[in-house]
Amino acid sequence: MKPRYILPAILTLAASTIASAADSSPAYNFLNIPSSARVYGLGGINISSIDDDINSIDQNPALLGPEFEMQVGVNYMRYISDANFAGVKFGTKASEHGAWAVGLQYYGYGEITGTDETGTLTGNFSPKDVNFNGTYSHDITDRLRGGIALKMLYSSYGEYSAFAVATDLGINYYDPDRDLSLSAVIANLGGQVKRFDQAYDRLPVDLRLGWSQSFGSLPIRFSVTAWNLTKWKLPYYDPGDGTSEDGLELKESFGSNLFRHLIFAADFIPSEKFHIGIGYNYKTRTDMTTYARNFLSGFSIGAGMNVKSFKFGIAFAQPHSGASTFMFNISTNLTELLY
C-alpha cells in the first residue's frame, strides 16, 4: 500500500480501540507535557497550530513535513519543585512529500528520600522517565497530511523500572489561503512491555481535535483544542472560599465537563520574526483549585523570535500559587548554519 492510503487506514482502525481506554486509570502522564515553548504558552496542548519549529511535532506527527529539512531543536523546562525536563529533536525530509524525525526527551523529578513500608529510611533516589521517539509523515494531498510517531518509554523509580511502547497517529488539513488548520490525533496507543511490579499501568490514551485560524489581515491566530475525549465526565471538587461548612463541593455539570475538555489560545504574529501567545486551560485551573485562588492558574504565556539562523522560544505558567514553570526552546536549520 502507498503511504497516502496506509495512514488513513491506520487512523480508522485505531479509532475503534478508543472506547476501551475510556475507563482506564492512566500512568505516564508526563506524555502530556509539551516540548515546545510555543505550545506551552498556548495552553499546554495544541495539535493544529502551524509552526516551523521542530520542537512542536510531539503534539501531532502530521505537523512534521519536508519543510523541516535538516532542523535540530533543543528544549528545557524547569517544572514544579525540583523537576527538570530536557530534550533534543532532529528532523529532515524523506522525499518530496515525506519527512522523518527522531527525538529524546528526559524527565527528571529531583531527589526523593526513600522509605520502606515501616517508615525506615532506605536512602535517596532520583526518579526519571525517558522518551525515545521516531516520527514519520507523508502528504496525502496538497492540503492533507498524515503522520505516525513511535515512542519507547523507560521509567526508573528507585528499585523499580518499567518499559512501554506507545504510538501517536495524527492527521492535519491546512488551507494556506485562509490560514485554516484542522487536526485530529489519537495519542498514546500502546502498553507496558515491562511492568514496575505486579500492577499493570495503562497509558493515557486520548483522542484530540484541534482548530486554528486567523481572519483577514488580523495578525492573530485563534485556536481551540479538545482533549480527553475518551471520557466525557471529568468531575472535580471545588473548595470554595474556605468558609462553607460543607467543605468540598463536587462539580460535574454539563458546562463544567465541557470546558474541562477545551483549551483556548490566541497567537499574535505581527511578522515571521516574532510571535507572542496566550492560552487558557480550564482543566489545569480547576485541578489546582485551592481556598487561596491563584488568578494566573490555567493561564500560560509564551513568545518567540527568529535571530539569523536561530529560533528562540520561552514560555511561563503558574498552575498553582506555589509553583511556577518556565520553558525555553532553541532550534536551527543545520544546512543554513553550516553553509
Side-chain angles (χ1 to χ4, degrees), residues 29-60 63 68 71-89 103-109 131 181 183 185 187 208 210 212 214 219-225 227 262-285 287-288 294-307 310-332:
N29 281 314
F30 63 87
L31 293 171
N32 291 325
I33 299 173
S35 60
S36 163
R38 188 169 198 168
V39 170
Y40 194 58
L42 295 176
I45 295 178
N46 189 307
I47 66 170
S48 56
S49 184
I50 303 300
D51 192 5
D52 58 356
D53 184 355
I54 191 71
N55 290 298
S56 66
I57 67 169
D58 65 343
Q59 295 292 296
N60 181 355
L63 296 180
F68 287 93
Q71 188 174 142
V72 62
V74 177
N75 65 84
Y76 169 77
M77 174 183 271
R78 175 68 175 181
Y79 203 57
I80 297 171
S81 187
D82 294 327
N84 290 275
F85 308 151
V88 60
K89 290 183 176 65
L104 179 68
Q105 201 72 22
Y106 172 84
Y107 306 85
Y109 307 107
N131 174 4
S181 176
S183 289
V185 171
R208 299 168 181 174
S212 295
S214 61
I220 301 177
R221 180 185 297 150
F222 300 95
S223 296
V224 179
T225 304
W227 67 308
L262 300 177
I263 299 173
F264 302 92
D267 208 5
F268 176 59
I269 314 171
S271 74
E272 295 181 355
K273 302 260 183 208
F274 176 77
H275 71 86
I276 183 168
I278 186 170
Y280 179 67
N281 188 325
Y282 182 70
K283 187 176 186 299
T284 296
R285 182 171 180 83
D287 284 346
M288 296 294 179
N294 175 22
F295 174 77
L296 295 178
S297 181
F299 287 96
S300 56
I301 187 170
M305 64 184 301
N306 299 349
V307 179
F310 293 91
K311 302 179 182 68
F312 299 91
I314 58 172
F316 171 83
Q318 192 177 43
H320 187 274
S321 58
S324 297
T325 59
F326 173 82
M327 175 175 276
F328 174 76
N329 283 168
I330 183 172
S331 63
T332 187

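Reckoned from all heavy atoms, side chains included, excluding hydrogens, waters and symmetry mates. These figures come from a predicted structure and were not determined experimentally.
S36 places none of its side-chain heavy atoms less than 4.5 Å from the side chain of N75. Between I263 and N46 the shortest side-chain heavy-atom distance does not fall below 4.5 Å.
Rounding to the nearest 0.5 Å places OG of S324 at 4.0 Å from CD of Q318. The line from OG1 of T332 to CZ of F312 is 8.5 Å long, rounded to the nearest 0.5 Å. Atom CD1 of I33 and atom OH of Y107 lie 6.5 Å apart (nearest 0.5 Å). Remark: T225 OG1 to I45 CD1 distance equals 8.0 Å, nearest 0.5 Å. Of the inter-residue distances, the one linking K311 atom NZ with K273 atom NZ reads 9.5 Å to the nearest 0.5 angstrom. The distance from atom OH of Y40 to atom OG1 of T325, rounded to the nearest 0.5 Å, is 2.5 Å.
Between F299 and Y280, the ring-plane angle classifies as tilted under the 30° and 60° cut-offs.
Every residue two or more places apart in sequence or in another chain that forms a side-chain hydrogen bond (donor to acceptor under 3.5 Å, both in side chains) with Y282 is listed here: Y236. Every residue two or more places apart in sequence or in another chain that forms a side chain to side chain contact (heavy atoms under 4.5 Å, CB included) with D82 is listed here: R78. Shown here are the salt bridge (charged side-chain N to carboxylate O under 4.0 Å, His left out) partners of R208, two or more places apart in sequence or in another chain: D206. With sequence neighbours excluded, the residues forming a side-chain hydrogen bond (donor to acceptor under 3.5 Å, both in side chains) with Y76 are N84, listed by chain and number. For Y79, the side-chain hydrogen bond (donor to acceptor under 3.5 Å, both in side chains) criterion is met by no residue, not counting sequence neighbours. Under the side chain to side chain contact (heavy atoms under 4.5 Å, CB included) criterion, I301 pairs with I276, F316, not counting sequence neighbours. Scanning for side-chain hydrogen bond (donor to acceptor under 3.5 Å, both in side chains) contacts around K89 gives S35, with sequence neighbours left out. For S181, the side chain to side chain contact (heavy atoms under 4.5 Å, CB included) criterion is met by S48, I50, N172, Y174, S183, S212, not counting sequence neighbours. Checked against side chain to side chain contact (heavy atoms under 4.5 Å, CB included), F264 has the following partners two or more places apart in sequence or in another chain: V224, F259, L262.
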Verdict with reasoning, W227 to I47, per side chain to side chain contact (heavy atoms under 4.5 Å, CB included): CA-CA 10 Å; W227 67 308; I47 66 170; over 6 Å; no
Side chain to side chain contact (heavy atoms under 4.5 Å, CB included) assessment of N281 paired with S300: CA-CA 8 Å; N281 188 325; S300 56; over 6 Å; no
Side chain to side chain contact (heavy atoms under 4.5 Å, CB included) evaluation trace for V88 with V72: CA-CA 7 Å; V88 60; V72 62; 4.2 Å; yes
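The minimum heavy-atom distance linking L63 with S56 is given by the pair CD1-O, 4.1 Å. The two residues A266 and I220 make their nearest non-hydrogen contact at CB-CG2, 4.1 Å. The minimum heavy-atom distance between P34 and M327, with the atom names listed, is O-CE, 3.0 Å. Across all their heavy atoms, S331 and I54 have their closest contact at CB-CG2, 4.4 Å.
With N329 contributing its side chain and G73 its backbone, the two residues share no donor-acceptor pair below 3.5 Å. The backbone N or O of S214 lies less than 3.5 Å from no partner atom in the side chain of R221, so there is not a single donor-acceptor pair.
Residue pairs meeting the salt bridge (Lys or Arg N to Asp or Glu O under 4.0 Å) criterion with at least one member in residues 30-59, sequence neighbours excluded: R38-D51, R38-D267.
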